[in-house]
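Below: one structure, written as structure tokens.
Computation of the quantities below employed the complete heavy-atom set of this structure, encompassing side-chain atoms and omitting hydrogens, waters and symmetry-equivalent molecules. Predicted model, so just to flag it, every value in this text is computed and none were measured.
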Amino acid sequence: MTLLVGVYAAGRLLHGPGFDVVVDVWLASLALGATAAVALFAALQTRSQRPDLIFVVAAVTSWVSGQSYYVLALDGADSLPVPSPADFGFLGFCIFMVGAMVTLIHRRMRGLTLTVLLDSAVGALGAASVLAVFFGPVLDNAVKHSFSLATIIEVSYPLFDIVLIAAIAGIGAAQGFETGRHWTLLAGGLVLFTVADVIYGLDESTYLQGSWIDLCWTIGLALIAWWVTRSAHARHGAGSTAFHISALAIPMASMIAALGILLLSSNMPMDTLAIVLAGVTLAVAAVALGLRQLSFRRQARTDELTGLLNRRAFYTDVPTRLTRPSALILLDLDGFKHINDSLGHDVGDRMLVEVGQRLKRQLHSRQPHHRLRRRGLLTRLGGDEFALLLPGDDAHRAMVVAGELCTILAEPYSLEGIAVQSSASMGIAVFPEHGDNLSILLRKADLAMYKAKAAHTGHHVYGDSDDSHGDERLRMLEELRNALATNELVLHYQPKINLDSGAVTGFEALVRWDHPRRGLLLPDAFLGLVEEAGLMREMTRVVLEEALDQTASWHAQGHNFTVAVNLSASSLVDAGLPGRIADMVTSRGLPVSALMLEVTEDYVVRNVSRARTILTELRNHGFRIAIDDFGTGYSSLAYLRDLPIDELKLDRSFITPMTKDSRAAVLVSSTIDLAHSLKMDVVAEGIETADAYGDLVIFGCDQGQGYYMSRPIPADDIAGWLDERPALSHL
């Protein structure tokens, strides 16, 4: 087809003006026949029953049939009478092509917003008004004649052209309208067709067969046939793209054109249809502009991720609603940073969306037993922090609402195929009891929220004593930063004992804070604050360096002990961590076997693929890996097969009931056998009695830790403990 159209175009160019039988009959007929054959063959080969393709093929075939009859029937005459069978072929093209546009638009316009549809209408009306300027004389001339079939046909051509070009412009103006990557072939063909029709309509009396207009029609049909072949053979859903030039380009051009038509009409005669279409274009554009302004304002007040109101809307709307007693609930998710770090920010975002949907459903519930009403103002302030204003509610009602919210947010979330459970902490402040403006209410709700988080109570109403708690928290945060800089963090070491021989094999490093005012603090008192303040990476570095320094000292004294250090989930997202740990070990002259790295089972089961990456990197540096708190997670044990793990540490919740519960004992024994079959060592935590020690020896457990052998002890006391430790008895 392309070859024949090219030969025909070359022949027309070489021949110049005037009719030539070879070029304008034979070559033109072969080129037109090829376009119809290509379109029909492509449509027959595709198995998809697409009405738009069927309509387009029918349109091409109809036009080629009409043109073929026109060439054969002309037989040397200047023109054929109107109507003739050729006219019905040409009109068939217009009718079928309009049908194709209707089906194409109907099939793909679902989901487009009203603003986009109005933009499309502006583009369509603007293009139609411009075409009406050119076709106006043709329409006026046809209307002046008596009403007849010939008049109807003469009017139909320009009207159909206006409709088709309006459809093309409308689709081009619709941002997000999915058309397929080859849409420009169809659009270009129809535009070329219309240009030829405009030239023909402006001076129909001068048209002669063999003019450049015939070549334009032929090339236009070839482009349309190309579109049919590409659309018919494209895989369903492949290559789909939004057809557009740039945002608002076509609507703006249409508005300018319509305004120009109205201005010109005041100084020169202009067709009524063009003036009407131009006026309607500007009217629809005004409506679209108004809706767009509303949309921009709504977007400026809406959180992009969750669709809730954002911080800007919160600070704008809440002060206007504080005209009567109201309750403010400030909500923060517990452990969200851990979820973000272990599962990734994309999963964290999906969780925030689900949280927003749950809160919104509760807020919009009409059931009378729910305390939340449509009058509440729900906002995402940022991160995992949400706020809810309840006009007219007191502290008691706000506590009931907070309890309901705690319940719905505690339900599991299905993220990346993993059931993740979370909770929320909520602080409640009441207007005007706790403050007479938004700033004070937010501060006090924030203090109450951190009180709820520290006490794990779910929610808490602000009280006067919370001010001192907030000040204490800020003071402690500053002291923690100072502690990391001045080495106030100290390590205690809990021995790991070979259960069969009683020999000390190594120690687990456990961090403590030697607080200048509060004394020695255990991790539960400050690790949460470390996570919240983003200081975990620095603390991990401090703990590793101190533990490795102590290990180097032991090795220098002839004690080849290993030291185990627990890595938090937030530190394991640091891609450079394995390399830095390796540098710390080698710089002290230690073998990599001197360091055991422990990772909690909770981190592993949350994201096996991410754990595989970081653990494999650590293993590539030669480090041995232990799974800490084994038995506290709930997941498939397949990760034991898939991950590079050397040691399982059975959680104390396994060990403590073992001596009094036969089922617990069987579970421990079976787990030890499973680990040994996978070539892993087993360490039992929380051994507190001789009976537990003895049972574990019988079960074949490799090592153990617990108060029965030793509590965690400072580094300076280890030498004395080694000399004086009593013999262990498990008989």
Side-chain angles (χ1 to χ4, degrees), residues 1 5 25 28-44 49-74 79-106 128 131 135 138-139 142 148-168 185-201 204 207 209 213-229 231-232:
M1 179 191 72
V5 172
V25 176
S29 297
L30 287 172
L32 288 172
T35 61
V38 165
L40 182 61
F41 185 72
L44 291 176
Q49 302 299 318
R50 285 179 48 183
D52 56 335
L53 289 182
I54 296 173
F55 275 122
V56 172
V57 171
V60 172
T61 305
S62 179
W63 201 94
V64 171
S65 299
Q67 180 66 8
S68 300
Y69 176 84
Y70 185 88
V71 171
L72 294 174
L74 196 60
S79 62
L80 294 181
V82 178
S84 73
D87 289 306
F88 293 104
F90 299 147
L91 284 176
F93 170 84
C94 298
I95 294 171
F96 288 130
M97 195 58 71
V98 169
M101 289 294 169
V102 170
T103 56
L104 185 66
I105 293 172
H106 176 73
L131 275 183
F135 282 129
V138 179
L139 295 172
S148 64
L149 182 59
T151 303
I152 295 175
I153 291 175
E154 290 181 5
V155 171
S156 297
Y157 288 131
L159 289 179
F160 276 121
D161 282 334
I162 291 174
V163 170
L164 290 175
I165 293 303
I168 293 292
L185 292 171
L186 178 61
L190 290 177
V191 169
L192 194 58
F193 234 87
T194 303
V195 170
D197 284 351
V198 169
I199 297 173
Y200 174 83
E204 181 179 350
Y207 167 76
Q209 185 182 6
I213 299 177
D214 294 322
L215 181 59
C216 288
W217 281 323
T218 303
I219 295 176
L221 281 178
L223 292 174
I224 294 171
W226 264 114
W227 177 81
V228 173
T229 62
S231 298

Original post:
Can you name the closest pair of heavy atoms from Y69 and A86 and give their distance?
Top reply: CD2-N, 3.6 Å

**OP:** Identify the heavy atoms of F93 and V60 that sit nearest to each other, and give their distance.
**Re:** CD1-N, 4.2 Å

Subject >> Heavy-atom side-chain proximity of L221 to M1 below 4.5 angstrom >> reply: no

**OP:** Would you name the heavy atoms of S62 and G92 that are closest together and state the gap between them?
**Re:** OG-CA, 3.4 Å

Original post:
Got a second to check how far L72's CG is from Q67's CD, nearest 0.5 Å?
Top reply: 10.0 Å

Subject >> Whether T35 side chain and L32 backbone form a donor-acceptor pair below 3.5 Å >> reply: yes

Original post:
Can you name the nearest heavy-atom pair linking G189 to I224, along with the distance?
Top reply: CA-CG1, 4.1 Å

Original post:
Which atoms form the tightest heavy-atom contact between S231 and L53, and what is the distance?
Top reply: CB-CD2, 3.8 Å

**OP:** Grab the two heavy atoms, one from A100 and one from V56, that are nearest each other, plus how far apart they are.
**Re:** CB-CG2, 3.6 Å

Original post:
So how far is it from T218 OG1 to F193 CZ, rounded to the nearest 0.5 Å?
Top reply: 8.0 Å

Original post:
Once you round to the nearest 0.5 Å, how far does OH of Y70 lie from CZ of F90?
Top reply: 7.5 Å

Subject >> F55 and V98, any side-chain heavy atoms less than 4.5 Å apart >> reply: no

Original post:
Of the options L223, T229, L190, which is the one that meets L185 in a side chain to side chain contact (heavy atoms under 4.5 Å, CB included)?
Top reply: L223

